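Below you'll find the structure, written out as structure tokens, and then a few comments.
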Amino acid sequence: MSVTYDEKKQVFKLDTKNSSYAFHITPDNRILHLYYGGKIPETDITHMLRIPNDEPFIPSDHDAMGPLSYDCAPIEFPTSGVADFREPCFQLMDKNGMSACECVYTGKYEIINGKPRLEGLPATYSNDGDAQTLELYCTDPANGMEIVLQYGVFEYCDVITRSVRVKNGGKDNIQLRRLLSCCVELDRMDYDMITLYGTWARERHVQRFPLRFGKQSVDSNRGSTSHAHNNFIAICDHTATEDFGEAYGFALCYSGSFLAMAEVSQYEKTRVLMGINPYDFAWELQPGESFQAPEVIFTYSGTGIGQMSRNLHDVMRNNLIRGKWKNIRRPILINNWEATYFDFDSDKLIEIAKEAKKAGIEMLVMDDGWFGHRNDDKSSLGDWFVNENKLKGGLKKLVDEVNKIGLKFGIWLEPEMISPDSELYKQHPDWCLHIPGRHRTLVRSQLVLDFSRKDVRDYIYGRIKEILSSANIEYVKWDMNRQLSEVGNEILPPKRQREIWHRYVLGVYEMQERLITDFPDLLLENCAGGGSRFDAGMLYYSPQIWTSDDTDAIERLKIQHGTSLCYPCSCFGSHVSASPNHCVGRITPFETRGHVALPGTFGYELDVTKLSDEDKQAIKGQIAEFDKYNPLVRNGDYYRIGDPFANDRYDAWEFVAKDKSEALLEYVQVLKEPSVFLHRVRLKGLEKGSYYRCEQTGRVYSAEVLMSSGFDIPSLWGDFRSYIAYFVKV
Ligand code: GLA
């Protein structure tokens with residue numbers, strides 16, 4: 001059993017293979033956190049509670065177990081206005097305008113084998129009993145709020161999930177002012193915090209800093225996850241490395257505005273909080289109505305940051321990503337965006353398709369610009385009707401021709417948007433998010449459709465369904481190229497206006513659920529101005545996400561390194577693109593571009609008709625490499641070896657099969673140095689006592705030699721060169 005309850009000690013304990021998480025119910029039914037860290041055997045652990053009593057100026061109450069200072073107690077689900085002055089998870093406004101609330105255990109709990117769905121939201125799920133769920137029923141006796149703390153336990157990969165559902169069990173309306181999904185109390189403050197920050201074309205770079213007293217947070221108030229900050233954070237020992245030390249990783253399974261915070265209190269304890277951003281959030285609950293908060297997926301590793309990532313990768317690959325494409329080889333696609341931008345027609349696409357077919361590519365994806373009168377990014381979003389000046393004879397004719405050439409066909413859509421220069425906007429100027437009487441701010445000449453409205457969603461979904469049913473379209477790239485502003489509409493009453501942020505996200509989820517239900521064979525790739533919505537929420541709907549519009553192999557080292565802290569490489573949309581690169585003008589070898597795209601979904605984003613014969617030939621070799629290594633990428637364990645943030649000389653990473661039978665080492669020489677020895681790289685994760693043959697050198701090495709001394713990367717001439725080495729256990 002992963003979940004146990006020691007009735008005598010009043011301790012709930014969640015155990016995974018290598019970690020334990022425990023909390024205590026006090027005699028007054030308060031829920032106090034006891035422990036989260038490496039696995040412990042016993043449940044008799046209430047002595048772990050260390051709460052200073054009767055400290056001057058610290059509010060203290062007398063609980064049945066003695067004085068209880070709320071402001072320094074490790075409160076499992078902290079609430080607002082009741083003498084815990086740290087950041088709370090829960091705040092409401094009752095009919096009297098009071099915002100205080102409490103969370104008191106009712107004595108009822110449920111342990112469920114498996115994992116119930118979270119209504120309307122993405123969340124991890126159980127396969128064949130690999131998860132258990134604990135639901136703890138709580139209440140606020142003063143207003144009748146029912147609060148269910150939800151815990152999921154994935155024992156096999158050391159992952160725990162948390163969420164909360166609240167229900168207005170009282171007689172009057174209540175307004176939720178904040179409902180964060182999870183609070184984890186850690187008993188120390190000597191940690192570092194790691195976050196993934198960035199901007200367009202430079203997403204998910206890594207920053208790491210020591211925690212200090214007070215609040216440190218990252219967030220989005222943009223309505224989507226954002227380029228600026230990802231909704232993942234890690235808390236680790238100051239001394240933690242990839243392979244040593246304690247590390248906790250937290251990922252929010254949500255795609256809207258979020259808050260991720262670590263607060264260090266005056267008593268040197270750390271409170272980690274995560275959930276929907278309380279900024280500009282409110283939600284009206286009538287008697288009997290419920291609200292489900294999104295899930296936080298978190299893990300503990302006692303053996304470094306690398307294992308933290310591998311735990312998250314496992315749970316996302318096995319228990320979050322769904323559908324037919326969950327774990328099968330994806331077709332190798334060519335996308336025409338960087339090849340043509342808006343300047344294409346069916347003849348050009350056919351030309352690309354023919355040449356792509358010769359090179360062994362398997363799918364053509366037609367990107368932005370095929371609909372309305374869209375010849376640049378200034379018009380036509382919302383007018384999802386084929387531009388027959390470009391696609392002569394219509395979409396079906398093009399798709400049929402592409403299929404006849406022997407390629408599958410995929411299409412780009414940006415369903416959440418509307419251009420003021422569109423027929424749809426002429427007919428429905430009120431369908432975008434807007435505040436009556438206020439200027440509508442444009443980003444990329446577009447506004448955001450109000451996906452909180454069912455009529456708007458139904459119309460757009462109708463168009464999508466018709467397009468996808470009109471031809472043999474096997475892939476959709478669902479793009480979202482701006483963030484939300486002037487969030488309002490003329491539909492909801494004033495007291496419900498602040499709900500639109502979250503209703504919008506629920507609307508997006510509903511649309512994508514409809515899409516993958518109606519078209520179960522469809523391969524869906526999410527995208528948002530590159531990687532602005534790269535989050536666990538999106539992975540529930542699409543098994544892959546476009547990582548960044550920056551396709552430069554060297555820029556991608558940092559982007560993919562940062563992204564891999566939380567997300568499995570096999571879901572990184574990554575393509576070989578033209579050189580000089582369109583984002584940075586860097587010239588890199590074709591081979592290196594292939595090797596950097598190899599750990600992701602793999603594909604091409606260039607005009608194959610303009611490639612040299614040599615590069616066209618190279619595509620065949622790259623596809624063969626992809627075929628050979630993709631099962632290892634999809635199923636193996638990922639090890640970061642180099643750190644592109646720490647040096648500009650090299651990066652390296654490795655995939656090792658779960659059964660340790662094979663390993664792939666990838667190496668990129670960033671800047672060549674003169675007068676240095678061969679670079680010796682130490683492998684990780686091999687089976688000690690075993691021997692491995694390296695395909696490239698033909699030599700057999702012991703795992704110990706490869707891991708303790710290392711493998712010599714041959715001398716590579718020039719900058720931006722790459723090398724791979726494949727090892728098979730003998
Ligand atoms: C975004 C995407 C790109 C491309 C363009 C089209 O920037 O990230 O890949 O689809 O939109 O406008």
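Atoms within a ligand are numbered from 1 in the order they appear, just like the ligands themselves. In this text, all values refer to a predicted model and were calculated from it rather than measured experimentally.
With 3.5 Å as the limit, one finds a donor-acceptor pair spanning the side chains of R482 and S485.
Ion pair E555/R586 flagged as a salt bridge, since at least one NZ, NE, NH1 or NH2 atom sits closer than 4.0 Å to an Asp/Glu carboxylate oxygen.
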CA sep, side-chain torsions, deciding dist, call: E666, S722, side-chain hydrogen bond (donor to acceptor under 3.5 Å, both in side chains): CA-CA 8 Å; E666 291 203 66; S722 63; over 6 Å; no
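Results of the side-chain contact (heavy atoms from CB on, under 4.5 Å) test with I411 over I467, L364, D367, V365 single out I467 as the only residue that passes.
Of the protein's non-hydrogen atoms, the one nearest atom 9 (O) of ligand 1 is K477 NZ, 2.7 Å. For atom 2 (C) of ligand 1, the closest non-hydrogen atom of the protein is D479 OD2, 3.1 Å. Protein heavy atom at the shortest distance from atom 12 (O) of ligand 1 is D368 OD2, 2.6 Å. In terms of protein heavy atoms, atom 10 (O) of ligand 1 is closest to D367 OD1, 2.6 Å. Here the heavy atom of the protein found nearest to atom 7 (O) of ligand 1 is D549 OD2, 2.8 Å.
Heavy-atom separations between R444 and ligand 1 include at least one value shorter than 4.0 Å.
When each atom of ligand 1 is checked for a heavy atom of G530 under 4.0 Å away, the hits are 8 (O). Ligand 1 places these atoms under 4.0 Å from at least one heavy atom of G529: 7 (O), 8 (O).
Ring geometry for W546 versus H575: interplanar angle of 30 to 60°, hence tilted. Under the 30°/60° scheme for interplanar angles, the aromatic rings of F371 and W412 are found to lie parallel.
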